[in-house]
Amino acid sequence: MEFRQLEYLVAVADTGGFSRAAQRCFVSQSAVSHQIAALEKELGADLFERAGRTVRLTDAGEVLLPRARELLRLRDEAVDAVHPRPDRIRLAANMSFARSALGVIADVRGRHPDAEVDFLIKPFAQRIAAVSAGDADLALVRGRVDEPGLYLEPLWVDHLLIAFAERHPLATLGRAPTTAELADYPLLLPPANEQVLLHQLVARVFAAEGLDVRLGPEVRDGQPVTLELINHPDGWTLLYEDPRQPGVVSRRSAGFPLPVAAVLRVDADPNPLVAELLVGLSNGYRRY
């Protein structure tokens, strides 16, 4: 059993698929599949049920997963204990923050060539858990976090993009449509349990204007939402970034704001590099 195999196991479990796990680990899908198969052979048990695009943990996988997380955590602690790295920052986020964060990380690294900034790809709950456990120095999140021992440092406000197919009637407006204009068309989003924040935001914006949200077909697991717009040209959706995809039009809208903040530990030791990173992420403004 190798740490690499455990990392791939955790990545597949977190992302729900081998291709997305490969993207997260920056390796090929075949490498992930090969290592998981080797681990299953060594253990004599299947760890995942594979049914088309759907990947689920087996009972054996459910038993192994928390132990794999713990082993990886202990590995990192052991490395840090032997080689303390005050110039190392571990930033937990998801890929929707990559464009905003990577440029700032590059600037920090440019000023501190010996520094190391890890960009840890994790879903929301695991970002919070990583900061709580000390496995990450900070996490980027949208929305609220109410966990003991943690606090939020406001950074910026995301104004989401309204996107629809080029054939959509609202595509000819040349501007972001109003909430009233959107109310006539179906909203395409993943299920509410997968995108709680977006569903809550839309419900709040529509309710403020006394309007009802017309929900369209749910975006299927592993299916790009932009492709769903092509398949349902009367629908619309919300995106964090411009997809720049042929056949899709997007308009930045002030009507769908989401605050972005850094999650930090209340008892964390002061770290000048973390402070510098926060200044960059907040576009030069730091609250004290």
Side-chain angles (χ1 to χ4, degrees), residues 1-40 43 45-77 90-99 101-102 117-143 145 147 150 189-199 218-225 240-241 260 262-263:
M1 185 182 299
E2 301 176 6
F3 283 123
R4 174 178 55 175
Q5 294 170 332
L6 298 180
E7 288 174 346
Y8 294 169
L9 167 76
V10 171
V12 174
D14 287 348
T15 62
F18 283 79
S19 62
R20 290 190 292 275
Q23 292 173 359
R24 168 171 157 174
C25 298
F26 301 101
V27 296
S28 67
Q29 181 176 340
S30 61
V32 174
S33 299
H34 174 75
Q35 291 299 327
I36 293 295
L39 181 59
E40 289 176 324
L43 296 174
D46 290 336
L47 300 174
F48 292 99
E49 294 177 355
R50 304 161 177 84
R53 294 185 178 183
T54 303
V55 177
R56 293 188 178 88
L57 285 165
T58 63
D59 290 344
E62 293 282 3
V63 170
L64 180 59
L65 180 62
R67 292 166 172 80
R69 294 192 196 278
E70 180 65 8
L71 286 169
L72 293 172
R73 185 185 68 80
L74 291 172
R75 176 202 61 182
D76 293 341
E77 283 188 359
R90 295 158 299 175
L91 168 64
N94 62 22
M95 285 306 296
S96 69
F97 289 113
R99 171 181 274 183
L102 293 182
V117 183
D118 296 335
F119 191 82
L120 310 174
I121 307 297
K122 293 181 179 291
F124 183 88
Q126 290 177 26
R127 275 175 263 162
I128 308 307
V131 176
S132 292
D135 297 329
D137 298 289
L138 70 160
L140 298 183
V141 298
R142 297 179 178 91
V145 172
E147 292 286 336
L150 302 180
L189 284 179
N193 65 322
E194 295 179 12
Q195 283 287 356
V196 176
L197 196 59
L198 286 184
H199 279 270
E218 292 181 344
V219 177
R220 295 166 289 172
D221 182 44
Q223 187 81 354
V225 66
Y240 297 118
E241 294 183 352
V260 176
V263 182

Open item on the list: Whether R142 engages the ring of F97 as a cation-pi pair (distance to the six-membered ring centre under 6.0 angstrom, angle to the ring normal within 45°) should be assessed.
Closed with: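 Cation-pi check for R142 and F97: passes.
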Looking at residues at least two apart in the chain, or sitting in another chain, which of them share a salt bridge (Lys or Arg N to Asp or Glu O under 4.0 Å) with [X]?
| X | value |
| --- | --- |
| D118 | R88 |
| E241 | none |
| E70 | R73 |

- [ ] Quick one: closest heavy-atom pair of N193 and V196, and the distance?
- [x]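 Answer, listing the atom of N193 first, then V196: O-CG2, 4.1 Å.
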TODO: Only counting residues at least two apart or in another chain, list the ones meeting side chain to side chain contact (heavy atoms under 4.5 Å, CB included) with V225.
DONE: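 For V225 the side chain to side chain contact (heavy atoms under 4.5 Å, CB included) partners, ignoring immediate neighbours, are V219, T237, L239.
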- [ ] Using a strict cut-off of less than 4.0 Å between a Lys/Arg side-chain nitrogen and an Asp/Glu carboxylate oxygen, indicate whether R20 and D14 qualify as a salt bridge.
- [x]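 Looking at D14 together with R20, the answer is no, because their closest N to O distance does not fall below 4.0 Å.
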Task: Short N-O contact, E62 and R56, less than 4.0 angstrom - done: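 Salt bridge: no.
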- [ ] Check ring-ring contact (aromatic ring centres under 6.0 Å, His included) between Y240 and all other residues, then give those that pass, not counting sequence neighbours.
- [x]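 Residues passing ring-ring contact (aromatic ring centres under 6.0 Å, His included) with Y240: none at all.
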Task: Minimum side-chain heavy-atom gap L120-L91 below 4.5 Å - done: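 They are not in contact (no side-chain heavy atoms under 4.5 Å apart), so the answer is no.
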Open item on the list: Are N94 and P123 packed together at the side-chain level, in the sense that at least one heavy-atom pair is separated by less than 4.5 angstrom?
Closed with: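 SC-SC contact between N94 and P123 ruled out.
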TODO: Would you please name every residue forming a side chain to side chain donor-acceptor pair (under 3.5 Å) with R99, sequence neighbours left out?
DONE: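 Side chain to side chain donor-acceptor pair (under 3.5 Å) list for R99, sorted by chain: empty.
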